[in-house]
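Throughout, a chain's letter reflects where its sequence line sits, starting with A, and its residues are numbered from 1. What you see is a predicted model; the values in this text were computed from it and never measured.
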Amino acid sequence: MRRYDPTEIEPKWVERWEAEGLYGAAEDPADERPRFYMLDMFPYPSGDLHMGHLEAFSGGDVIARYRWMRGDNVLHPIGWDSFGLPAENAAIRRGTPPADWTYANVEQQAESFRRLGFSFDWTRRLHTSDPEYYRWTQWLFLRLFERGLAYRKKAPVNWCPNDATVLANEQVIAGACERCGTPVERRDLTQWFFKITDYAQRLLDDVDELTDWPDRVVTMQRNWVGRSDGATVTFRIDETGDEVEIFTTRPDTLWGVTFFVFAVEHPLVQTLAERGGTWERVRPLVERIRSTAVAVREVGETTEGEPLGVHVVNPVNGERVPCFVAPYVLMEYGTGAIMAVPAHDQRDFEFARAHDLPIRVVIQPEGEERDADAMMEAHDHDGVMVNSGPFDGERSPESIANVTAWLEAEGRGRSTVTYRLRDWLISRQRYWGAPIPIAHCERCGEVPVPDDDLPVPLPEDVDFQPGGESPLARHPTWKKVTCPSCGRDAERDTDTMDTFVDSSWYYFRYCSPGYEDGPFRREDVDRWMPVEQYVGGVEHAILHLLYSRFFTKALYDMGLVGFTEPFLRLMNQGQVIFGGASMSKSKGNIVEPMPLVARWGADTARLMILFAGPFEDDIDWQLIAPDPEKRPGVTSWLGRVFAAVGEATEREKPDPDGLVRMTHRTIRGVTEDLERFRFNTAISKLMVLTNEMRSALDAGEGARAAAEALTSMLAPFAPFAAEELWREVLLHGSSVHVSSWPSYDPSLAAEDTVTLVVQVDGKVRDRVEVEASASEERCREMALASDNARRAIGDREIRRVVVRPPRLVNVVTTS
RNA sequence: GGGCGAGUGGCGGAAUAUGGCAGACGCGCAGGAUUCAGGUUCCUGUCCAGGCAACUGGGUGGGGGUUCAAAUCCCCCCUCGCCCACCA
């Protein structure tokens, strides 16, 4: 009999599978198998693989292998999201180029992936930091630029005055620079944006197609786009005659306006304050808020603010109300000015109370009398309009539409839709990213680099130390170019692109690896995509997925692809944590999978993490980690599988009837579980089958058919052990991973006898074996014949007998 | 503040989609066999209380409801987690 020794068998199969080229997706047009694109979110090469990678990629690999065995032509590619800030930080720390650190980590992760036995098609491997990849990132930028979807405008950035450098939000810790601890300031720089807001409505509408995405991700996408329906209303400044627009979702509260508030950045603030004679008091507030870095500006005092000394006239009733400037009004949303209705908006309410401003109730909740003086909080729900001139008595929410229609008819306002979504700021004042392929010419302005000149390469002789401008801007010669349009001296744009741009299209590139005439071939992409199954962390539930959806829609509009949503099904694995907290270097609680693999094998590591619980749930490694001195439970199970399959091959006898039925039931159950990502219960069913085989073998029976089926079903989960058994013990000529998924006979999978539960008044009193086909009448008889049931009934009268054949009978008595 | 999700043995979890035997499967633990010993492997037991047992009673965060029947459906509350948060 063969002992199970993972460290001996696993490296052998890694070599043989690669030599056999087992996992390539077939591009033969005559191949009529259904295509299945199984996409894992590609990793960032920040070191060796961590437990999160193990879980995510193990899940993806199970699906890919299962689909192969179901007869699909599977595309299961791998690549690296290899641009980004950590490489630059490592470069500063170690004084080596970001590329060295990055590609060393990539190689280590690639080696670990191989050792884990993932079924990747390595011929499609990509890295976003390779010139042959970012060439096409730049090409796509230019296509967006041509269509007006990439543009520049001023935007605030986080600035460290000590390092003289721009900081990403993640580099700002508690309002200070993560490197030197200096408080971060705000600066306004000209930045590149993608006009994702043009797609806001489509991004919202099309989530309805994403029926196989987790609900919470769909909800997050919806909330992030954040559509608000309301009205724009124009107010006039009494003292100056300036007109100011506001946006409101509650035009039905217009008669309750008792003051008016501007954002500190609003362009009229200084003029109005000077006119109102308040600039002396307003100025410090404005300057303080304006210089506060974005990453630092938090939810503050709702009541902070200063009067401007001027008034606006309410267009619905001609009332004159005072104007304020306050940080609780944001320039980025709506119009940067609001009408304040303290009776019906909590923030306005708090501000009014703090500044002793009047509060007027104009929406009464049904059947109540609200007294403004007695109110403890705003009433922001539905109700009946009062004190609202012609609209008294109207009920919200219908009143909102009526008031809006009236505003439009009267020319005092218009129906407006506002989105929370902002344009995507894609420029980074950083080195390790794809350079923005634009030249700045004094005469011609922003001039795109011609496609034939792509890629705009990153220079290698660069100073990474912080200070002054970005590393590319400091380079002595790199930025000097001749204008592609007029031929005069011009300068390259020295910003690089957000790494989210790189990751917004990588799944298209996998379809056309090495293609040199574009980012991808349309027929390749239309053949393989949309992605059938996408697997990755929920931390990408918003940005990465939204940006990818935006890219796909933009590419569709350009005629480059034939579909508008990139990912049909999405599955988010849970996080792997330790001791209730996320693993991190600073906490020193990182557990890496590869030492576990070295000791017990990849199959053990994969099974441990997949058996630990539902795929979407978090796993606390501290709770499932075995005693390091002891053999993990799943390893012992594989040992028992080896023993059982080995013994089964030595038997001449056929499988006993009970084992045959169990085998068919297991095939049915595991198949159903795999369709629903229920890896933990699938594995438990395989364990049950193993136990059943053991019993049969111990009873001197055969188990050969069960051994074949078990080995097949084990293949997606423990590919090495299954392959060893398949080829070396069951002696098949080719790999289990290209064999067929076992099928089941429904009549054999059905149970022949079942346990009939006999209840009296809802309490279980007996269990009786009946044939699965037992009739209602037969079940009733069996139940009433039960001694235990009769004893429980006693002398009480039977009022009713509920029969659910063949599983349950409930005898209801008079008690 | 808003949104979403989750609370089941000593532990991870199963049963929740479709109301019908709560605790599958595994870990751990206890006892036994093998072993010089540790580890390995195998067998038995393991929700709580009472009982030698048959069995009886209780039990899925708390409270209420619907139902012959609720871990599962409905309402209220508590706790925890995640996401978004001055969005007018």
Can you see if the side chain of [X] gets near the phosphate of [N] - specifically, an N or O under 4.0 Å from OP1 or OP2?
{"X": "A:Ser228", "N": "B:rA88", "answer": "yes"}
{"X": "A:Lys763", "N": "B:rG58", "answer": "yes"}
{"X": "A:Ser636", "N": "B:rU41", "answer": "yes"}
{"X": "A:Arg420", "N": "B:rA85", "answer": "yes"}

Quantified in whole Å, what is the [atom1] atom distance between nucleotide [N] and nucleotide [M]?
{"N": "B:rU44", "M": "B:rG61", "atom1": "P", "answer": "32 Å"}
{"N": "B:rG59", "M": "B:rC47", "atom1": "C1'", "answer": "8 Å"}
{"N": "B:rU66", "M": "B:rU72", "atom1": "C1'", "answer": "14 Å"}
{"N": "B:rG51", "M": "B:rA70", "atom1": "P", "answer": "30 Å"}
{"N": "B:rA15", "M": "B:rC87", "atom1": "P", "answer": "41 Å"}
{"N": "B:rG7", "M": "B:rG63", "atom1": "C1'", "answer": "16 Å"}
{"N": "B:rG19", "M": "B:rC82", "atom1": "P", "answer": "33 Å"}
{"N": "B:rA22", "M": "B:rC48", "atom1": "C1'", "answer": "14 Å"}

| said: Going by ring pair (Phe, Tyr, Trp, His ring centres under 6.0 Å), name the pairs with one or both residues in residues 666-690 of chain A, residues two or more places apart or in two chains. | reply: A:Phe615-A:Phe677, A:Phe615-A:Phe679, A:Phe677-A:Phe679
Measure from the side chain of [X], starting at C-beta and using heavy atoms only, and say which of [options] lies closest.
{"X": "A:Val688", "options": "B:rU41, B:rC25, B:rC84", "answer": "B:rC25"}
{"X": "A:Arg347", "options": "B:rC21, B:rC29, B:rC87", "answer": "B:rC87"}
{"X": "A:Asn788", "options": "B:rG3, B:rA85, B:rC55", "answer": "B:rC55"}

Could you identify the nucleotide paired to [N], looking across every strand shown and requiring Watson-Crick or G-U wobble geometry with both distances under 3.5 Å?
{"N": "B:rA53", "value": "none"}
{"N": "B:rG19", "value": "none"}
{"N": "B:rG7", "value": "B:rC78"}
{"N": "B:rA88", "value": "none"}
{"N": "B:rG28", "value": "B:rU46"}
{"N": "B:rU67", "value": "none"}

Output a table of nitrogen or oxygen pairs between the protein and nucleotides 12-19 of chain B separated by less than 3.5 Å.
from, atom 1, to, atom 2, distance (Å)
B:rG12, O2', A:Ala612, O, 2.4
B:rG13, O3', A:Asn680, ND2, 3.4
B:rA14, OP1, A:Asn680, ND2, 3.0
B:rA15, OP1, A:Arg678, NH2, 2.4
B:rA15, OP2, A:Arg678, NH2, 3.2
B:rA17, N1, A:Arg676, NH1, 3.2

For a quick check of understanding: with a heavy-atom distance under 4.0 Å over all strands, which category does [X] fall into, base, sugar-phosphate or nothing?
{"X": "A:Arg765", "result": "sugar-phosphate"}
{"X": "A:Gly226", "result": "nothing"}
{"X": "A:Lys685", "result": "nothing"}
{"X": "A:Trp224", "result": "sugar-phosphate"}

Quick one: side chains of residues 666-673 of chain A, donor-acceptor pairs under 3.5 Å with protein atoms, not counting sequence neighbours, listed by atom name and distance.
from, atom 1, to, atom 2, distance (Å)
A:Thr666, OG1, A:Met662, O, 2.7
A:Thr671, OG1, A:Ile667, O, 2.6
A:Thr671, OG1, A:Trp741, NE1, 2.9
A:Asp673, OD2, A:Thr681, OG1, 3.0
A:Asp673, OD2, A:Ala682, N, 3.2
A:Asp673, OD2, A:Lys685, NZ, 2.7

Between atom [atom1] in [X] and atom [atom2] in [N], what is the gap in whole Å?
{"X": "A:Tyr333", "N": "B:rC87", "atom1": "OH", "atom2": "C1'", "result": "5 Å"}
{"X": "A:Asp380", "N": "B:rC87", "atom1": "CG", "atom2": "P", "result": "11 Å"}
{"X": "A:Leu686", "N": "B:rA24", "atom1": "CG", "atom2": "C1'", "result": "14 Å"}
{"X": "A:Asp345", "N": "B:rC87", "atom1": "CG", "atom2": "P", "result": "8 Å"}
{"X": "A:Trp621", "N": "B:rC27", "atom1": "CH2", "atom2": "C1'", "result": "13 Å"}
{"X": "A:Asp620", "N": "B:rG10", "atom1": "CG", "atom2": "C1'", "result": "16 Å"}
{"X": "A:Arg422", "N": "B:rC87", "atom1": "CZ", "atom2": "P", "result": "11 Å"}
{"X": "A:Trp213", "N": "B:rG5", "atom1": "CH2", "atom2": "P", "result": "18 Å"}

| request: Check the chi torsion on B:rG62 and let me know: syn if it falls within 90° of 0, anti if not. | output: anti
| query | Quick one: which of A:Ile246, A:Asn314, A:Val244 gives a side chain to side chain contact (heavy atoms under 4.5 Å, CB included) with A:Val233? | reply | A:Ile246
| said: Here's a test for you: under side chain to side chain contact (heavy atoms under 4.5 Å, CB included), which of A:His344, A:Arg360, A:Met385 qualifies with A:Thr253? | reply: A:His344
| task | Ignoring hydrogens and angles, state whether a donor on the side chain of A:Thr755 or A:Glu769 is under 3.5 Å from an acceptor on the partner side chain. | result | yes
| field | A:Gln201 and A:Tyr419 side chains, donor-acceptor separation under 3.5 Å | value | yes
| Once the angle between the rings of A:Tyr333 and A:Phe247 is folded into 0 to 90°, is it parallel (under 30°), tilted (30 to 60°) or perpendicular (over 60°)? | perpendicular
Pair [X] + [Y]: ring centers closer than 6.0 Å:
{"X": "A:Phe260", "Y": "A:Phe235", "value": "yes"}
{"X": "A:His544", "Y": "A:Phe500", "value": "no"}
{"X": "A:Phe611", "Y": "A:Phe717", "value": "no"}

| message | If you assign A:Asn691 and A:Val764 each to the RNA chain B nucleotide with the nearest heavy atom, which residue ends up on the more 5' nucleotide? | response | A:Val764
| said: Heavy-atom nearest nucleotide on RNA chain B for A:Met220 versus A:Arg216: which residue maps closer to 5'? | reply: A:Arg216
Just the atom pairs and distances: protein N or O near nucleotides 68-72 of chain B's N or O, under 3.5 Å.
from, atom 1, to, atom 2, distance (Å)
B:rC68, OP1, A:Arg800, NH1, 3.3
B:rC68, O2', A:Asn810, ND2, 3.3
B:rC68, O2, A:Asn810, ND2, 2.7

| Can you tell if the side chain of A:Arg569 reaches within under 4.5 Å of the side chain of A:Trp213, non-hydrogen atoms only? | no
| Residues which pass side chain to side chain contact (heavy atoms under 4.5 Å, CB included) with A:Glu306, listed by chain and number, not counting sequence neighbours | A:Arg281, A:Val282, A:Leu285, A:Val325
| remark: Applying salt bridge (charged side-chain N to carboxylate O under 4.0 Å, His left out) to A:Asp698 and not counting sequence neighbours gives A:Arg694
